[in-house]
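To start, the structure itself, in structure tokens.
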2 protein chains.
Amino acid sequence: MTARTDAPTRREQILKEAARLFAERGFHGVGVDEIGAAVGISGPGLYRHFAGKDAMLAELLVGISGRLLTGAKRRLEEARGVSAPEVVLDSLIEGHIDFALDDRPLITLHDRELDRLRDTDRKLVRQLQRQYVELWVEVVRELYPQLAEPVARSAVHSVFGLLNSTPHLTRPGSLPGRAGTAELLHRMARGAFEAAVSP
Amino acid sequence: MTARTDAPTRREQILKEAARLFAERGFHGVGVDEIGAAVGISGPGLYRHFAGKDAMLAELLVGISGRLLTGAKRRLEEARGVSAPEVVLDSLIEGHIDFALDDRPLITLHDRELDRLRDTDRKLVRQLQRQYVELWVEVVRELYPQLAEPVARSAVHSVFGLLNSTPHLTRPGSLPGRAGTAELLHRMARGAFEAAVSP
DNA sequence: TCCCCAGGTTAACGACCGCTAACCTCCCTG
DNA sequence: CAGGGAGGTTAGCGGTCGTTAACCTGGGGA
């Protein structure tokens with residue numbers, strides 16, 4: 001992945017602020033004027049960059065799901081075959097945690113505002129999400145073959161709930177920083193999977 | 001707890017449907033006409049029972065937080081002293097799972113629409129939530145004394161995330177029914193706590 | 001130098017939404 | 001058997017919001 005050193009485009013600024021505001025107050029709770037104000041322009045100026053408010057949300061959600069999926073696919077390619085399934089799962093967990101810690105507003109939107117999308121966009125996002133889940137399920141069942149598929153899928157969803165709890169850990173000074181939080185979440189996720197298999 | 005055999009009042013009908021709709025489409029995404037239609041009356045008829053749309057959300061959120069807290073306090077009284085801390089934690093987990101499985105819309109609202117409340121109501125709800133968390137933290141630290149308090153609190157929040165994932169397990173036929181789901185979640189929660197303590 | 005377009009601005013429209021007003025209609029009670 | 005309140009109804013007001021229209025402006029090529 002090539003590092004971004006250039007300044008963010010106006011579009012990117014808008015998306016970032018829109019994500020923050022949508023996460024804070026909900027899609028319907030934010031007006032276009034507020035989004036504009038957050039990037040220093042006013043309401044209708046946004047329409048030079050996006051077809052409408054819906055389009056911003058759609059681009060955000062498709063972007064999230066897409067990046068989660070492609071990131072996971074990449075990690076799987078890199079690790080599979082050359083590593084034990086344990087290591088592959090660790091890599092998936094690590095990737096999800098990185099995302100949850102670095103893009104909290106997006107994590108929040110991701111399972112909160114999906115139903116506000118137009119049919120076609122919603123189906124696309126759901127498909128990406130489903131692929132992401134199935135990818136996890138495969139890896140989990142490779143590591144714990146005794147786990148029935150529906151149980152594995154439920155376990156994966158529950159671990160997502162655990163990892164996505166980062167927005168609630170916002171109280172500052174509560175933990176030894178990002179690294180400590182990431183390590184704690186990682187251990188807990190592994191422990192949850194372990195416990196899912198025992199009778 | 002005395003069983004309710006009498007029919008639900010109109011107020012209760014309204015609250016139930018409002019919870020469902022708010023959870024599905026967000027507070028701002030639901031109109032009073034829709035809430036009315038869901039209980040067979042039309043829009044402004046709701047104002048015979050509630051001061052306004054905000055009041056419905058407030059009553060829902062205060063009710064949720066209150067019931068969670070009082071339920072936990074009751075379970076703690078019943079179990080504490082006479083049981084090992086392990087059993088007390090199990091009882092807390094069981095209570096939370098029951099709630100998450102039986103009132104999914106409320107669980108969804110509970111961490112999603114809090115910011116839509118008037119200042120005074122929001123403070124009340126937050127206070128109830130905080131007491132509930134602290135109660136868990138105490139029990140967890142009783143069972144795992146080597147766990148530092150901030151770490152224990154983060155772990156509790158994360159386990160809440162895990163247990164509250166039930167709305168995402170909606171796909172029917174995915175699990176062996178309610179009992180199986182409850183048992184799986186319970187084991188995973190315990191496993192997550194176990195893993196939080198190891199170095 | 002001229003012009004054009006990317007990227008802004010403000011004004012305003014139409015739709016929607018929360019809420020109130022005014023009115024109606026049972027049913028329960030004195 | 002009157003009457004009054006509980007619990008509805010419809011009409012409509014006022015405000016907000018997403019979006020469009022019309023206009024402006026500065027800077028980079030032909």
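Keep in mind the model is a prediction, meaning the values are calculated, not measured.
For the salt bridge (Lys or Arg N to Asp or Glu O under 4.0 Å) test, residues two or more places apart in sequence or in another chain that qualify with A/Asp102 are A/Arg178. Legend: residues meeting side chain to side chain donor-acceptor pair (under 3.5 Å) with A/Thr108, ordered by chain and number and at least two apart, are absent. The side chain to side chain donor-acceptor pair (under 3.5 Å) test applied to A/Asp33 returns no partner, not counting sequence neighbours. Scored by the ring pair (Phe, Tyr, Trp, His ring centres under 6.0 Å) test, B/Phe193 finds no partners at all (sequence neighbours excluded).
Read 5' to 3', the first and last nucleotides of DNA chain D with an atom closer than 4.0 Å to a heavy atom of chain A are D/dG18 to D/dC23.
Atom CD1 of A/Ile14 is separated from atom C1' of C/dA6 by 13 Å (rounded to the nearest Å).
With contacts defined as side-chain heavy-atom distances shorter than 4.5 Å, the pair A/Lys123/A/Gln127 does not qualify.
When every heavy atom of A/Val137 is checked against every heavy atom of A/Arg153, the shortest pair comes out as CG2-CA, 3.8 Å.
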Kindly give the atom pairs (protein nitrogen or oxygen, nucleotide nitrogen or oxygen) under 3.5 Å for nucleotides 14-21 of chain C.
residue : atom : partner : partner atom : Å
C/dG18  : OP1  : B/Val30 : O            : 3.2
C/dG18  : OP1  : B/Lys53 : NZ           : 2.6
C/dG18  : OP2  : B/Val32 : N            : 2.9
C/dC19  : OP2  : B/Tyr47 : OH           : 2.4
C/dC19  : OP2  : B/Lys53 : N            : 2.9
C/dC19  : O5'  : B/Tyr47 : OH           : 3.1

Exercise for the section: Apply side-chain hydrogen bond (donor to acceptor under 3.5 Å, both in side chains) to A/Asn164 and A/His96, showing your working. Expected result: CA-CA 9 Å; A/Asn164 293 350; A/His96 196 104; 2.8 Å; yes

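The cationic atom of A/Arg67 (NZ for Lys, CZ for Arg) does not lie both less than 6.0 Å from the six-membered ring centre of A/Phe99 and within 45° of the ring axis.
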